[in-house]
**Student:** 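Provided herewith is a single structure, encoded as structure tokens, for subsequent inquiry.
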Amino acid sequence: MEGVGAAVAFWTLAGVTLFAAAGIMFSRNLLHAVLLLILTFIGIAGFFVLLSAEFLAMAQVIIYVGAIAVLVLFAVLLTPRAGRDNGESKMLLPAVLLAVCLGAVVLFVITDTSWNTVPSAPAVEHEPKVAASDLGEALLSTWILPFELASVLLTAALVGAILLVRSPEEEAEDMPS
Amino acid sequence: MAPPVLVTDHWYDFRDLGNLSSRLLESLADVLPQGAVYVLAAVIGFVASFVIFVLPSQLFVGVYGERKLIARVQSRYGPNRVGPFGLLQPIADTIKLMQKEALTPKSADRALMYAAPALFVAPCVLLFAVIPFGPNMVFADTSVSLLFYVAISALPVISAFIAGWSHNNKYSVFGSVRMVAMAISYEVPLVLGLLGIVLFTGTLSLQGITIWQKELDIWLVVLQPIALAIFFIGVSAELNRTPTDIAEAESEIVAGYLTEYSGMKWGLFYGMDIGYALAASAFAATVFLGGWTLFGLERWVPPWIIFIGKTHLFYALFIWTRGTLPRLRIDQLMGFAWKFMLPLALVNLVMVATERMFWVEQAADDSVVYVFALVNIVAAGALVYAWSRILGYRPEDYPTKARLVETAGGYVPIESAKGGAQ
Amino acid sequence: MSGIVRSEPFTLNIGPQHPSTHGVFRVKVTVDGEKIVDAEMVMGYLHRAMEKLAEERTYTQNIPFTDRADYLSSMSNNLGYVLAVEKLAGIQVPPRGNAIRVIMAELQRIANHCMAAGTFINDTGAWQTPVMWTFREREKIIDLFEMTSGARLTCNYMRIGGVAFDLPREFEPRARQLLEGLPGFFDEFEGLLVQNEIFLARTRGVGVVPPETAINASLSGPMLRASGVAWDIRKADPYCGYENYDFQIPLGYQGDSFDRFLVRIEEMRQSARIIGQALDGLPGGPHSTQVPLALRPPAGDAYARVEGPKGELGYYIVSDEGPSPYRFHIRAPSFINLSVLKEMVVGGTVADAVVSLGSIDIVIGEVDR
């Protein structure tokens with residue numbers, strides 16, 4: 001995407017997402033951290049829209065915000081009150097060192113790669129978009145095996161979740177007696 | 001993209017307000033600095049869709065119309081004191097709410113409690129950005145508008161949860177947890193029902209769906225009645241309207257996640273309840289009822305009036321069920337979503353996919369869609385009845401009258417005295 | 001595996017300020033997840049020392065007192081009290097007085113059941129629609145009360161030896177008009193609800209009272225009859241000439257909340273039958289016997305009971321030849337019926353508890369006196 005609007009949107013989204021990510025690290029309250037995580041997800045969805053992948057943006061919101069964030073909220077809800085502090089830890093110095101090393105590696109990779117850039121945006125009035133139908137076709141022809149494996153994994157997770165929350169009476173019912 | 005419905009290019013033709021706004025933006029694009037026209041476009045979109053359409057609909061149809069309609073269902077008058085026919089009642093309500101003291105409990109989370117109403121209002125405004133009011137009157141004609149609706153309608157669930165949590169009140173948390181569990185349960189059959197629609201129309205864009213219905217001269221409600229039924233029930237559950245409003249009424253005795261809100265904060269929640277219901281009605285009017293088309297009438301009658309009429313018609317359906325039905329328990333609601341609606345949605349999907357495959361592969365004529373409509377309507381009735389009987393609905397097993405005996409004499413076991421009807 | 005997740009029961013207060021407890025009444029439930037494991041009732045928020053205060057007033061002055069015990073069915077309260085005093089003092093009531101008493105008691109039964117059925121469905125969540133419909137009929141009945149006795153709710157109409165005033169001229173046409181409309185209304189109301197899937201799901205199997213428990217706990221009224229026990233004081237121990245009228249006793253099937261609802265609707269129908277028969281055979285003559293103003297019944301005690309709309313309403317009066325009773329005790333049906341609340345509620349959810357409580361049809365004025 002090109003134009004002033006896109007640039008303004010990019011910088012705004014970048015600022016919001018980075019601020020939210022920093023907030024997750026530095027906030028004391030675990031619930032505030034989860035909410036800032038949701039803001040980060042929405043920011044990433046905005047980036048997807050900027051890259052003309054609108055289907056992915058909507059899928060990001062539905063899956064990450066609508067389902068995964070809710071799951072994290074429930075998990076926070078079920079922890080006892082004392083464990084909800086996002087507080088100090090003894091591993092601060094090693095963690096900072098590790099983060100600096102990782103950041104250096106990533107920066108080196110970014111500056112050393114030769115990106116395929118063009119001097120200015122190509123003059124097309126209609127950029128090729130990733131339409132939902134293209135995604136569907138790709139999932140069911142080229143990438144059929146990962147798709148099926150993912151569905152098997154989800155089914156296993158579903159069965160496991162149901163098994164985990166059965167009460168002892170229900171388990172006793174199903175034991176071969 | 002849109003076929004020429006309105007052969008007009010005048011900016012003063014109020015049948016197509018898109019003309020007016022595009023002329024305005026074009027003329028101002030030379031004057032304003034580069035990029036500011038985007039902001040102006042957003043403002044115009046907001047004013048046109050939200051301020052001009054949604055806000056008056058919320059006040060006069062949502063608050064006033066709902067109270068009048070429910071009152072008539074209950075054989076009484078509704079508000080009729082404030083202004084002629086009680087029409088100024090919503091204004092009186094708003095003024096009352098604004099001047100109320102907004103109490104905040106001392107140990108509540110202030111930041112979250114203040115942020116939650118704002119976070120509840122924002123997705124509602126966003127939803128109206130993709131609803132097509134007319135052939136040129138849609139603010140953001142993305143190619144995934146349907147998915148946009150589903151995605152954004154997951155956001156108020158989070159803000160309602162935050163609202164309940166921030167009160168520091170265990171009953172509010174209970175209400176929030178119930179509401180979230182119900183909302184995510186009902187999203188699954190909802191999306192599956194909408195998938196059937198997408199299979200037929202081949203596009204995820206709301207404007208595209210409207211034009212598909214216009215080109216084939218058929219409304220999707222007759223083509224897929226099961227999808228409409230699933231959508232209606234699913235969206236009632238998401239919006240916490242009776243018969244599925246456990247989250248805010250009777251939930252652990254007090255008002256659930258709205259317990260500690262008072263004044264305009266509560267007013268925002270209440271108003272946006274109506275706002276989300278209007279958004280769902282607008283969405284249903286677009287997808288199921290044909291949107292701004294009315295079999296050719298949209299050439300003379302402004303299409304946005306047709307659209308608004310259909311939205312309010314669908315909203316009246318919400319009001320009607322609210323006044324008539326009692327409320328279900330939470331475990332009955334969950335059972336209903338997972339055991340009844342989900343299999344029904346899946347069977348509907350299979351049926352629709354078969355029909356679509358037949359249509360495309362046999363390269364059949366477009367009028368075969370009427371045959372599909374007939375088949376689908378019959379199948380809908382049969383499927384719902386058969387599935388409910390399989391799940392154990394046997395109305396002939398329930399007594400409808402008490403049994404009658406003549407003399408008083410102690411316990412009468414059930415087999416011996418058969419009185420009354422059946 | 002499920003021992004990893006530990007859940008703790010916590011205590012919840014239903015009431016005393018609550019839209020569904022029918023008055024100031026508190027139930028402390030201990031909830032484990034969504035299931036109730038224990039329930040404790042706390043009553044007494046409306047205790048007004050009625051029984052003690054009655055010892056200071058004469059027998060006739062106590063009649064308005066009884067109005068306010070069960071303030072929703074004042075005619076039946078009055079009737080029970082004056083029957084007890086008449087039994088104690090050996091006073092005979094003329095036949096016209098008896099017939100008028102029967103008409104008023106049955107009208108009160110219909111009015112009370114209208115309210116009980118309406119608020120019961122209110123508790124299941126139907127936003128006041130059934131209440132508004134039943135209150136339409138109740139308004140017509142209360143208009144009749146106002147025409148006769150001067151008051152809508154606390155009528156103070158029965159007197160020792162008969163009734164206070166004779167029926168006015170407009171009473172009979174209005175009552176007949178009401179009786180014509182009632183069967184249609186009952187059919188419409190029943191038709192809307194009895195096969196409503198949501199209503200059935202909320203009330204069937206909720207708050208079940210087996211017949212042995214009902215008899216052992218001395219329940220009475222619609223609660224007893226819904227469990228299948230055919231016991232109605234109008235048939236078993238008739239008073240005021242009830243043996244001359246032709247009516248039937250409705251019984252339930254398994255003692256759940258739905259059965260209580262069915263029994264109440266059917267009782268309303270039978271009451272309409274009785275009123276029709278009473279109006280047809282209304283005898284002439286005086287409407288009450290003359291009774292001295294400061295009545296001093298002989299020493300002794302008497303217990304009289306009526307089939308009130310909520311159950312067996314009994315009055316136990318002990319006299320010591322003074323102008324006031326020595327002891328005045330009300331056997332309140334709501335109070336006795338409430339004693340099975342714990343069995344009804346334990347094992348269900350809080351929503352079910354609210355529905356069960358609504359189906360017992362209590363009035364806190366009677367429970368606490």
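Each chain gets a letter, A, B and so on, in the order the sequences are listed, and its residues count up from 1.
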**Student:** Any idea how B:W359 and B:W212 line up, ring-wise: parallel (<30°), tilted (30 to 60°), or perpendicular (>60°)?
**Tutor:** perpendicular

**Student:** What class does the angle between the rings of B:Y261 and B:H167 fall in, given that below 30° is parallel, 30 to 60° is tilted and above 60° is perpendicular?
**Tutor:** perpendicular

**Student:** Tell me the closest heavy-atom pair linking B:A282 and B:F128, and the distance in Å.
**Tutor:** CB-CE2, 4.3 Å

**Student:** Counting C-beta onward and ignoring hydrogens, is there a side-chain heavy-atom pair between B:F283 and B:S153 closer than 4.5 Å?
**Tutor:** no

**Student:** Check whether B:I184 gets within reach of chain A through its side chain, its backbone, both or neither, counting any heavy atom under 4.5 Å.
**Tutor:** side chain

**Student:** For chain A, which residues from residues 187-197 of chain B lie under 4.5 Å away (heavy-atom distances)?
**Tutor:** none

**Student:** For atom CZ of A:F74, decide whether the heavy atoms of other residues, nucleotides or ligands shown that lie under 6.0 angstrom number more than 12.
**Tutor:** yes

**Student:** Between B:Q207 and B:S145, is any side-chain donor less than 3.5 angstrom from a side-chain acceptor?
**Tutor:** no

**Student:** I'd like to know whether CZ of B:F46 has more than 12 heavy-atom contacts from other residues, nucleotides or ligands below 6.0 angstrom.
**Tutor:** yes

**Student:** Quick one: does B:L206's side chain get under 4.5 Å of B:Y149's, heavy atoms only?
**Tutor:** no

**Student:** Which one of B:L155, B:T142, B:V177 has the most heavy-atom pairs closer than 4.5 Å to chain A?
**Tutor:** B:V177

**Student:** Where on A:I63 is there a heavy atom nearer than 4.5 Å to chain B: the side chain, the backbone, both, or neither?
**Tutor:** neither

**Student:** Please state whether the side chain, the backbone, both or neither of B:L119 comes within less than 4.5 Å of a heavy atom of chain A.
**Tutor:** neither

